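First the structure, in the form of structure tokens, and then the observations on it.
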There are 2 protein chains.
Amino acid sequence: MAMDMWLKEMQLEGEGVAMSYKIKETLLRKQTQYQDMAIVDSEVFGRMLILDGIVQTTIKDEFVYHEMISHIPLFTHPNPKKVLVVGGGDGGAIREILKHKSVEKAVLCEIDKDVVDACKKYLPEISCALDDPRCEVFIGDGIKYVKEHKNEFDVIIVDSTDPFSIAEGLFGGNFYKDIYEALTEDGIFVAQTETPFFLPDTVRKVFSDAKAIFPVTKLFMAAIPTYPGGYWSFTVGSKKYDPTQVDITKIPEMDTKYYTPEIHKACFVLPKYIKEVIGE
Amino acid sequence: MAMDMWLKEMQLEGEGVAMSYKIKETLLRKQTQYQDMAIVDSEVFGRMLILDGIVQTTIKDEFVYHEMISHIPLFTHPNPKKVLVVGGGDGGAIREILKHKSVEKAVLCEIDKDVVDACKKYLPEISCALDDPRCEVFIGDGIKYVKEHKNEFDVIIVDSTDPFSIAEGLFGGNFYKDIYEALTEDGIFVAQTETPFFLPDTVRKVFSDAKAIFPVTKLFMAAIPTYPGGYWSFTVGSKKYDPTQVDITKIPEMDTKYYTPEIHKACFVLPKYIKEVIGE
């Protein structure tokens with residue numbers, strides 16, 4: 001009989017829901033300097049990156065997250081030239097960012113070199129743009145990197161793991177103040193900000209922290225099958241441009257699987273319980 | 001040590017993903033005439049109705065499904081008086097339908113009396129409107145019921161289990177023809193039509209079947225945490241009114257947790273891969 005192997009992901013810090021994936025093969029398992037990393041090949045979602053037991057990205061559904069975290073800010077800013085991704089060592093956000101011809105430089109600041117190396121080797125569909133000449137990969141602490149750069153980036157994307165992890169410092173007011181300073185005068189910031197259904201307090205705090213710093217603060221949603229609850233929030237903080245006021249008739253055609261100009265507007269329309277979470 | 005009990009739901013006919021819920025207590029387990037039924041109390045989602053191993057509805061997230069399957073058609077029709085629900089033995093759709101003052105009669109046609117009885121006893125938050133004088137509960141086969149009624153209902157809602165179950169006959173052209181006949185001359189039909197991410201062929205077929213019969217056919221989406229992929233499709237077939245052309249400024253305030261007039265429009269804006277599934 002063939003081995004029947006399942007990966008069980010204990011979601012929400014193990015508090016009562018778990019997602020299981022049938023696994024064909026474990027391609028890599030390594031304790032890095034920062035986290036327990038694995039790359040597995042699953043029946044339904046193909047290859048997956050797993051950090052500290054949590055599914056980060058999969059071949060089959062990564063397009064939703066990477067398109068939405070990238071194209072919303074980059075199609076809100078009229079001329080994004082320099083972009084920073086904090087985290088995002090898989091390279092998926094970089095791949096989407098470099099679809100924008102205006103972008104001259106995209107810096108990836110990832111703390112864990114092993115994640116970048118593993119994704120280059122095992123997830124080339126996602127990491128393919130990391131060797132692009134417009135991309136610079138910097139291995140280091142995102143908090144320190146952002147603090148050391150002022151008035152430099154048109155867009156900053158925080159593509160982090162969950163706040164109950166090494167990414168804790170990437171959620172909240174102190175970091176957002178440094179991001180504000182690292183942005184140019186009309187810069188835009190976006191971060192993945194967890195599930196309003198299961199973690200309303202986290203979403204509320206993060207949104208409120210961003211709102212205290214940025215003149216324009218908006219929450220948008222995307223449907224991501226492998227994330228808890230399947231419905232994920234992203235927070236945009238902007239110095240000037242309102243992502244909900246973009247003239248979508250001017251957005252050019254782009255090779256995407258989730259994002260469309262119409263989705264650019266619709267993703268900011270929130271179900272009533274999520275409006276209530278962020279007090280809108 | 002306390003018993004650590006988890007319900008493992010094999011999603012998508014057991015093909016490689018499963019969702020597990022920590023269970024406090026099994027309140028009911030019964031083999032009915034039609035299916036294996038259970039009511040359990042879970043840590044995260046509260047009480048749940050499970051049929052043939054598939055989670056049908058839960059106290060914590062039922063509002064999304066029941067609001068969206070009901071308010072979209074009922075706020076599209078300008079004056080819905082008589083409404084039929086096929087399936088939906090938990091009573092959640094009936095509860096939402098009866099929030100509309102124009103509704104004079106809502107018929108629930110459920111094949112499995114045991115489901116209605118169990119939901120009345122264990123899920124009163126959902127089934128509460130089944131005893132309303134405007135509601136008639138009819139225990140019987142939905143296909144037969146629809147065939148025997150002509151030009152009678154302003155809205156018909158198909159609130160069924162999955163097509164790989166006793167509900168198979170509730171998906172597809174033959175049934176939709178009978179629904180067309182059972183509707184009044186400006187009637188509207190809506191059905192839950194599964195997950196475009198995991199079951200694109202099912203969604204494509206059902207949508208195409210509806211489109212062959214109804215002058216106006218549209219797909220809308222809602223984010224439901226306990227359904228596979230978390231992002232569920234509903235198909236609207238309408239003889240006259242276009243649900244995307246509703247004047248949402250005229251929609252009155254209603255006690256909801258997901259639905260808003262703005263969501264009424266935004267839920268029809270589809271991610272690119274879903275547009276492609278239905279050929280739009």
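In what follows, every chain begins at residue 1, and chains take the letters A, B, ... in the order their sequences are listed. The shown structure was predicted, so the numbers you read here are calculated from the model rather than taken from an experiment.
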side-chain contact (heavy atoms from CB on, under 4.5 Å) between A:Ile126 and A:Cys119: does it pass, once the steps are laid out?
CA-CA 8 Å; A:Ile126 303 175; A:Cys119 293; over 6 Å; no
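Contact of the B:Ser160 side chain with the B:Phe171 side chain is registered, since non-hydrogen atoms from C-beta on lie closer than 4.5 Å. Counting only heavy atoms from C-beta outward, the side chains of B:Trp232 and B:Thr195 approach each other to under 4.5 Å. Side-chain contact between A:Ile72 and A:Phe268: present, with at least one pair of heavy atoms (C-beta onward) separated by less than 4.5 Å. The shortest distance between side-chain heavy atoms of B:Thr161 and B:Asp52 does not fall below 4.5 Å.
Judged by distance alone, the side chain of B:Thr193 and the main-chain N or O of B:Val203 form no donor-acceptor pair under 3.5 Å. Side chain of A:Asp162 to backbone of A:Phe164: no donor-acceptor contact under 3.5 angstrom is found. In this structure a side-chain-to-backbone donor-acceptor pair under 3.5 Å is missing from A:Glu9 to A:Leu7. A donor-acceptor contact shorter than 3.5 Å is absent between the side chain of B:Arg204 and the backbone of B:Gly279. B:Glu194 places no side-chain N or O within donor-acceptor distance of the main-chain N or O of B:Ser233, the cut-off being under 3.5 Å.
Heavy atoms closer than 4.5 Å to chain B are found in the side chain of A:Gln11, but not in its backbone. The part of B:Met10 that comes within reach of chain A is its side chain, from C-beta onward, which places non-hydrogen atoms under 4.5 angstrom from that chain.
Minimum heavy-atom separation, B:Ala223 to B:Pro225: O-CD, 3.7 Å.
Enclosure of atom CD in A:Glu168 is not indicated, since only 12 or fewer non-hydrogen atoms of other residues, nucleotides or ligands lie within 6.0 angstrom.
For residues 20-27 of chain B, a heavy-atom distance under 4.5 Å to chain A picks out B:Ser20, B:Tyr21, B:Lys22, given by residue number. For residues 57-70 of chain B, a heavy-atom distance under 4.5 Å to chain A picks out B:Lys60, B:Asp61, B:Phe63, given by residue number. Close approach to chain B, defined as a heavy atom under 4.5 Å from one of its heavy atoms, is seen in A:Glu253, A:Met254, A:Thr256, A:Lys257, A:Tyr258, A:Tyr259, A:Thr260, A:Glu262, A:Ile263 of residues 246-265 of chain A, taken by number.
The aromatic ring centroids of B:Phe198 and A:Phe45 lie less than 6.0 Å from each other.
For B:His100, the ring-ring contact (aromatic ring centres under 6.0 Å, His included) partners two or more places apart in sequence, or in a different chain, are B:His71, B:Phe75.
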